[in-house]
Amino acid sequence: ETGVTQSPTHLIKTRGQQVTLRCSSQSGHNTVSWYQQALGQGPQFIFQYYREEENGRGNFPPRFSGLQFPNYSSELNVNALELDDSALYLCASSGGTGSAGELFFGEGSRLTVL
Amino acid sequence: GQSLEQPSEVTAVEGAIVQINCTYQTSGFYGLSWYQQHDGGAPTFLSYNALDGLEETGRFSSFLSRSDSYGYLLLQELQMKDSASYFCAVRDMGRRALTFGSGTRLQVQP
């Protein structure tokens with residue numbers, strides 16, 4: 001069983017640029033969610049996709065957008081990067097036979113905005 | 001909205017027992033989860049309480065009281081490898097997204 005994989009693991013951007021982060025969900029999982037984790041904080045929910053449709057969104061502006069593909073992999077796009085966007089971005093998948101409160105996280109993409 | 005409170009840091013010695021508390025305010029949720037995260041690593045699932053009471057998984061146990069809006073994670077026979085951050089999280093009704101607390105950093109000392 002393949003776990004959740006994310007790419008890239010680290011990247012550096014400058015303010016105003018755009019970034020795309022990628023996630024392959026765990027086999028058999030049809031739901032993907034994205035979280036932003038600032039240093040020393042808990043993950044903050046960005047949005048969730050189920051069968052290619054966004055079905056939940058946290059308190060993030062529209063410049064955070066996403067996609068889910070037919071194979072359930074996903075992308076997170078952030079436009080007009082700001083310094084405060086520097087964080088670890090975590091992808092999580094669910095929808096298999098695990099517990100209702102169980103998400104499977106990838107190792108994350110660490111974004112630094114200069 | 002949802003908010004969760006947990007202590008920022010806890011220190012304990014190897015072999016001891018430690019309890020990490022979590023209080024929450026929520027308009028409705030399915031249950032309380034606990035996650036462990038080592039520095040530089042991914043959060044990993046530890047336990048989930050959908051109903052009031054105690055759930056035990058090896059050295060870890062988790063408790064939920066909906067009437068008190070309170071839960072805790074109990075770690076027994078602490079090992080050095082248990083040094084990590086621990087997060088409580090509630091699952092919102094209607095979706096699988098989680099709202100996390102700000103985390104408790106556990107330091108296990110020899």
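Small disclaimer: the values here were computed from a predicted structure and weren't measured.
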Enquirer: Do you know which of B:Pro43, B:Ser33, B:Gly31, B:Gly103 has the most heavy-atom pairs with chain A at a distance under 4.5 angstrom?
Expert: B:Pro43
Enquirer: I'd like to verify something: which residue of A:Gln41, A:Gln6, A:Arg110 has the highest number of heavy-atom pairs under 4.5 Å with chain B?
Expert: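 The answer is A:Gln41.
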Enquirer: Is the A:Tyr35 to B:Phe100 ring centre distance short of 6.0 Å?
Expert: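 Yes.
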Enquirer: Following the transitive rule for hydrophobic clusters with a side-chain heavy-atom cut-off under 4.5 Å over Ile, Leu, Val, Met, Phe, Trp and Tyr, establish whether A:Leu39 and A:Leu11 coincide in one cluster.
Expert: no
Enquirer: Treating Ile, Leu, Val, Met, Phe, Trp and Tyr as nodes and any side-chain heavy-atom pair under 4.5 angstrom as an edge, say whether B:Tyr70 and B:Trp34 lie in one connected cluster.
Expert: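 Different clusters: B:Tyr70 never reaches B:Trp34 through Ile, Leu, Val, Met, Phe, Trp or Tyr contacts under 4.5 Å.
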Enquirer: Any chance you could measure B:Gln37, atom CD, to A:Leu90, atom CG, to the nearest 0.5 Å?
Expert: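 Result: 6.5 Å between the selected atoms.
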Enquirer: For residues B:Val90 and B:Leu51: do they belong to one hydrophobic cluster (side chain heavy atoms under 4.5 Å, members Ile, Leu, Val, Met, Phe, Trp, Tyr)?
Expert: no
Enquirer: Check this for me: B:Gln25, atom CD, are more than 12 non-hydrogen atoms of other residues, nucleotides or ligands nearer than 6.0 Å?
Expert: no
Enquirer: If you look at every heavy atom in A:Gly106 and B:Ala42, which pair is closest and at what distance?
Expert: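 Looking at all heavy atoms of both residues, the shortest contact is O-CB, 3.0 Å.
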Enquirer: Tell me whether A:Val19 shares a hydrophobic cluster with A:Tyr89, the cluster being built from Ile, Leu, Val, Met, Phe, Trp, Tyr side chains joined at under 4.5 Å.
Expert: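 Cluster IDs for A:Val19 and A:Tyr89 match.
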Enquirer: Rounded to the nearest 0.5 Å, what's the gap from CG on B:Leu98 to CD on A:Gln48? Could you check?
Expert: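 Here the rounded value is 9.0 Å.
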Enquirer: Does any backbone or side-chain atom of A:Gln37 lie under 4.5 Å from a heavy atom of chain B? Answer side chain, backbone, both or neither.
Expert: side chain
Enquirer: Can you confirm whether A:Phe105 sits close enough to B:Tyr35 that some side-chain heavy atom of one is under 4.5 Å from a side-chain heavy atom of the other?
Expert: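 Sidechains of B:Tyr35 and A:Phe105: in contact.
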Enquirer: Are A:Phe47 and A:Val4 linked, directly or through intermediate hydrophobic residues, by side-chain heavy-atom contacts shorter than 4.5 Å (ILVMFWY only)?
Expert: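 Looking at the clustering, A:Phe47 is in a separate group from A:Val4.
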